[in-house]
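All remarks here apply to the structure that follows.
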Protein chains: 2
Amino acid sequence: MRLNATSHDTIEAMPLASRRAADMVVAALEARIASGELHDGSFLPAERELMDEFGVSRTVAREAVARLAGRGLVEARPRFRPVVRRPGYDTALSALSGIVGQLMGQTGTVKNLYDTRVFLEAALVRHAALHARKDDIGVLRAALEANEAAIPDSARFYATDMAFHATLYELPRNPVMPAIHRAFTGWLRPHWERMPRAPERNRVNYLSHREIYQSILDRDPDGAERALNGHLAAAWEYVRGTFDPA
Amino acid sequence: MRLNATSHDTIEAMPLASRRAADMVVAALEARIASGELHDGSFLPAERELMDEFGVSRTVAREAVARLAGRGLVEARPRFRPVVRRPGYDTALSALSGIVGQLMGQTGTVKNLYDTRVFLEAALVRHAALHARKDDIGVLRAALEANEAAIPDSARFYATDMAFHATLYELPRNPVMPAIHRAFTGWLRPHWERMPRAPERNRVNYLSHREIYQSILDRDPDGAERALNGHLAAAWEYVRGTFDPA
DNA sequence: AATCGCATTTGGTATGACCAGAATAAAGGA
DNA sequence: TCCTTTATTCTGGTCATACCAAATGCGATT
């Protein structure tokens, strides 16, 4: 049941699937990045150096660099020396952005992604209500107050809104969570930015945030989950018309 | 044919981003895939056709195809005509496999990913306990029975174990969830396969599954979550030694 | 020391060629 | 007629070379 037919992952013992010359170069550079020999921020060897060093043509050297860039291991802007980027959860998730953009064109994708986000975030508020520590509460409270202060300014409200939710993703202290949040918001942002904004709407959202916060403070996971679900369901109803004319 | 002319006012908004010739070809092919003109399974035009059609060199045509392949929109095996693949959630997640493989080399990554899985799966069993329908229960029960029958055969037990958990991901009827499950299992499989297996261990796991199932049947979300957490925590303790000598 | 200007470096693109595996058509045998 | 074998064509993979334009580096100028 292998649905991942993409060549990499294994350095050796690949039947006859792929035998590209660039594989060697890619593997070698990967190893250097993993070992720290090529630390984050340093420049990748120039293409003409790579061909000397590995005895390959520039075609192959270029392809190797391009593949590393596709994986996010190096940042290759046109006419700039490629910069090594130590992979993080964010770079991993950002590798999805392109393909997700394609998925967005299919009906139901936005809803599916949003539902997934709601599902995860419901679990997060529940977790917060059960396990939030005193300093966690403080951070949450600060985010809430910033959100309240930004009610008149829709642009700033959007930022503080995201920050409040981001705090929930940081509570479990698992770096994967914030990365997922950033990925979600990045994907859904285009749709959300199309949503008309108004201070009265901001106030409603703020009140939802406060309700969530209060439930967490009360150590009431069910209440927090209920509040979160209501909050995001309302937001969905508010934006669904902006892209789904049905 | 030189088309760089530098005076094209078509796209001037990108100050430092990218102005590669392959972008045009990539965009055009993306559009054809999205529109269905290039349906899933069909062949991409040959490189030499692309150069004729878009008036670019084979270098550029090749790079365009390579980039589509990197995004998972086409499946390009060496010396085979590239096959168009309509993007799905699985292809999206599989785009992560490479970069996640790199992340696995860093300490703590496996634990972080596993914790994320546990977190999500706990929410899933809770959801199942609250919203599973009669036919859902039936599927779950069938998976459980298959799991029990496979206790003596560790290989088969592994498969039915995964299938049981997969059922949980299918319950919300959100296609993103099963894709996430497949991604997680794909990433963690190498570590799990290293774990020694034995019928007695299988039996313990089966009992955990049954406990989860029973809690779902009893509409007891807290019990289901507790059982799931215990189950996966035990599994973690059992395998952590296989890669983390600490 | 700050600035300007030119030579160098470096990535992007274009050509043309050749190879090897794969697909297809042609030839041959059952 | 059908299947197997063989020759031809296709197609992607790689190499070599050359030129362009942007970015960089360095020395001369102010």
Side-chain angles (χ1 to χ4, degrees), chain A residues 5-8 14-29 38 41-71 73-85, chain B residues 1-29 38 41-85:
Chain A
T6 47
S7 49
H8 38 67
M14 219 169 331
L16 283 176
S18 66
R19 188 50 60 99
R20 280 180 279 251
D23 291 341
M24 172 185 53
V25 184
V26 169
L29 293 178
L38 285 174
S42 65
F43 290 113
L44 209 64
E47 295 172 357
R48 288 169 177 84
E49 294 178 35
L50 291 177
M51 39 188 300
D52 278 354
E53 184 176 343
F54 293 96
V56 296
S57 70
R58 192 141 92 93
T59 308
V60 171
R62 278 186 64 76
E63 185 183 327
V65 174
R67 281 218 250 148
L68 291 174
R71 290 208 212 163
L73 283 174
V74 306
E75 187 180 340
R77 296 144 60 205
R79 301 209 161 64
F80 281 83
R81 197 78 174 277
V83 181
V84 174
R85 287 291 173 226
Chain B
M1 172 186 296
R2 308 206 52 74
L3 45 83
N4 45 11
T6 63
S7 64
H8 49 325
D9 39 21
T10 57
I11 299 179
E12 198 64 42
M14 295 182 175
L16 288 177
S18 60
R19 198 163 65 247
R20 282 182 273 253
D23 291 341
M24 172 184 55
V25 184
V26 170
L29 293 177
L38 286 174
S42 64
F43 289 114
L44 209 64
E47 295 172 357
R48 289 165 176 89
E49 294 177 35
L50 291 177
M51 37 188 302
D52 278 354
E53 183 176 345
F54 293 96
V56 295
S57 69
R58 193 142 90 95
T59 309
V60 172
R62 277 187 63 76
E63 185 183 326
V65 174
R67 281 218 249 146
L68 290 174
R71 291 209 210 163
L73 283 174
V74 306
E75 187 179 340
R77 296 144 60 205
R79 298 199 172 69
F80 281 81
R81 194 79 173 277
V83 182
V84 174
R85 287 293 173 221

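Lettering follows sequence order; numbering is per chain, from 1.
Side-chain proximity of B/Arg62 to D/dT14, D/dT11, C/dG11: nearest is D/dT14. Nearest nucleotide to the A/Arg48 side chain, out of C/dT10, D/dT14, C/dT13: C/dT10. Comparing C/dA22, D/dG13, D/dT14 by their nearest atom to the side chain of B/Phe80 picks out C/dA22. Closest to the B/Arg20 side chain, of the nucleotides D/dG12, C/dG11, C/dT13, is C/dT13. Distance from the side chain of B/Glu47 is smallest to D/dG13 among C/dG11, D/dG13, D/dT14.
Following rounding to the nearest Å, A/Asp52 (CG) and C/dT10 (C1') show an atom-to-atom distance of 14 Å. For the pair B/Met24 CE and C/dT13 C1', the interatomic distance rounds to 12 Å; values are reported in whole Å. Separating the CG atom of B/Leu50 from the P atom of C/dA14 is a distance of 13 Å, rounded to the nearest angstrom.
Listed pair B/Thr59 / C/dT13 fails the phosphate criterion, with no side-chain N or O lying under 4.0 Å from OP1 or OP2. Contact between the side-chain N/O atoms of A/Arg79 and the OP1/OP2 oxygens of D/dA23 is not found at any separation under 4.0 Å.
For the pair A/Met24 and A/Val56, the minimum side-chain heavy-atom distance is below 4.5 Å. Residues A/Val84 and A/Leu29 fail the side-chain proximity criterion, which asks for heavy atoms closer than 4.5 Å. Contact check for A/Val65 versus A/Val26: no side-chain heavy atoms found under the 4.5 Å cut-off.
A residue-by-residue look at B/Arg81 and A/Ser57 shows that B/Arg81 has its nearest nucleotide of DNA chain D further toward the 5' end. Along DNA chain C, the nucleotide closest to B/Glu63 and the one closest to B/Arg58 are compared, and the more 5′ of them pairs with B/Glu63. Both A/Pro45 and B/Met51 sit near DNA chain C, but only A/Pro45 has its closest nucleotide nearer the 5' end. Residues A/Val60 and B/Leu44 each lie close to DNA chain D; by heavy-atom proximity, the contact nearer the 5' end of the strand is made by B/Leu44.
Side-chain N or O atoms of A/Arg81 include one that pairs as donor or acceptor with a backbone N or O of A/Leu44 at under 3.5 Å. Listed for the B/Asp23 side chain is a donor-acceptor partner under 3.5 Å among the backbone atoms of B/Arg20.
Side-chain atoms of A/Arg77 stay outside donor-acceptor range of the base of C/dG11, with no qualifying N/O pair under 3.5 Å.
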